[in-house]
Amino acid sequence: MQDLQFARTLTSKPNTNSSVLGIWLFPITKPLKKITPIEEKWANTLPVRKQSEYKYSRAYARLALSTLFGIEPLKIPLFAPPGKPPKLAKGWGYMNLSHCNNALLIGWSSKKIGVDIENANRSFNAIKLAERICSTKENKLIKDLEIEEIRKIVLSRWIAKEAAFKWQQGVLYKDLNQ
């Protein structure tokens, strides 16, 4: 509950006309909370592994936002079908979420927001990913570095670009060349 106490100290009643930001990080080990009947229905259409990820993210998004708005989590006007960016009812601000294998990151703002999280030790082909997501200038800057340094830089670029695409409500692969 310390997570929630901190969020409450940020603001007691957010004004969606001002610049307010809420960020929550939940470890995936926390117990599952309730979601709405429609979210349960949507979850049941997903593969088993994705069901718990979906339920966890929607339940904790509701819990986090309930601390800002001072209402019960199930009364948060959240519309978040699987595979779509989560939306709040008009006048409730904007939220975004991201998860990795052991954590859930939730962001809320009175203005559009995009968030992304990845494990710092995530293994991937950094050179290949750099060719796809980095500009020519970025690739020139990293070409002579050690592979571990390239991996760290490419991962940070990936996170920043993914958050930016979420902010614009695009899809990373589709919008990468924009």
Lys55/Glu40 under salt bridge (Lys or Arg N to Asp or Glu O under 4.0 Å): CA gap, chis, key distance, verdict: CA-CA 7 Å; Lys55 289 178 180 182; Glu40 283 286 352; 3.4 Å; yes
Shortest non-hydrogen separation from [X] to [Y] and the atoms involved:
| X | Y | answer |
| --- | --- | --- |
| Val154 | Ala126 | CG2-O, 3.9 Å |
| Lys34 | Ala59 | O-CB, 3.8 Å |
| Leu78 | Ala61 | CD2-CB, 4.4 Å |
| Ile142 | Ile153 | CG2-CG2, 3.8 Å |
| Ala80 | Tyr54 | O-OH, 2.8 Å |

Is any side-chain heavy atom of [X] closer than 4.5 Å to a side-chain heavy atom of [Y]?
| X | Y | result |
| --- | --- | --- |
| Asn101 | Ile28 | no |
| Ser52 | Leu32 | no |
| Glu162 | Ser98 | no |
| Leu63 | Trp24 | no |
| Lys140 | Thr136 | yes |
| Arg62 | Glu39 | yes |
| Leu105 | Ile23 | yes |

Side-chain donor or acceptor of Asn96 paired with backbone N/O of Gly107 under 3.5 Å: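 No, Asn96 side chain to Gly107 backbone: no donor-acceptor pair under 3.5 Å.
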Indicate, with yes or no, if [Y] and [X] share a hydrophobic cluster defined by side-chain heavy-atom contacts under 4.5 Å among Ile, Leu, Val, Met, Phe, Trp and Tyr.
| X | Y | answer |
| --- | --- | --- |
| Trp92 | Ile106 | yes |
| Ile71 | Leu88 | yes |
| Leu145 | Ile147 | yes |
| Ile159 | Ile127 | yes |

Test salt bridge (charged side-chain N to carboxylate O under 4.0 Å, His left out) applied to Lys112 - qualifying residues, sequence neighbours left out: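 Per chain and number, Lys112 pairs via salt bridge (charged side-chain N to carboxylate O under 4.0 Å, His left out) with no residue.
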Between atom [atom1] of [X] and atom [atom2] of [Y], what is the distance when rounded to the nearest 0.5 Å?
| X | Y | atom1 | atom2 | value |
| --- | --- | --- | --- | --- |
| Arg151 | Asn121 | CZ | CG | 7.0 Å |
| Ile117 | Leu97 | CD1 | CG | 11.0 Å |
| Met95 | Leu68 | CE | CG | 11.0 Å |
| Arg122 | Trp158 | CZ | CH2 | 7.5 Å |
| Leu129 | Ile150 | CG | CD1 | 12.0 Å |
| Tyr56 | Lys30 | OH | NZ | 7.0 Å |

Over 12 non-hydrogen atoms of neighbours within 6.0 angstrom of CD in Glu72: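 Not buried by this count: 12 neighbours or fewer within 6.0 Å.
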Over 12 non-hydrogen atoms of neighbours within 6.0 angstrom of CD in Glu146: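 No, because the 6.0 Å sphere around CD of Glu146 holds 12 heavy atoms or fewer from other groups.
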With sequence neighbours excluded, residues passing side-chain hydrogen bond (donor to acceptor under 3.5 Å, both in side chains) with Arg58: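 Partners of Arg58 by the side-chain hydrogen bond (donor to acceptor under 3.5 Å, both in side chains) criterion come out as none, since no residue qualifies.
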Salt bridge (charged side-chain N to carboxylate O under 4.0 Å, His left out): pairs with one or both residues in residues 88-110, sequence neighbours excluded: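 Of all non-adjacent pairs touching residues 88-110, none passes salt bridge (charged side-chain N to carboxylate O under 4.0 Å, His left out).
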Close aromatic pair by centroid cut-off 6.0 Å: Trp42 and Phe79: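 Yes, the ring of Trp42 comes within the 6.0 Å limit of the ring of Phe79, centre to centre.
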Geometric class of the Tyr60/Phe26 ring pair [parallel <30°, tilted 30-60°, perpendicular >60°]: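 Geometry flag for Tyr60 against Phe26: tilted rings.
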Evaluation steps, salt bridge (Lys or Arg N to Asp or Glu O under 4.0 Å), between Lys50 and Glu53: CA-CA 5 Å; Lys50 289 287 187 184; Glu53 184 179 276; 3.3 Å; yes
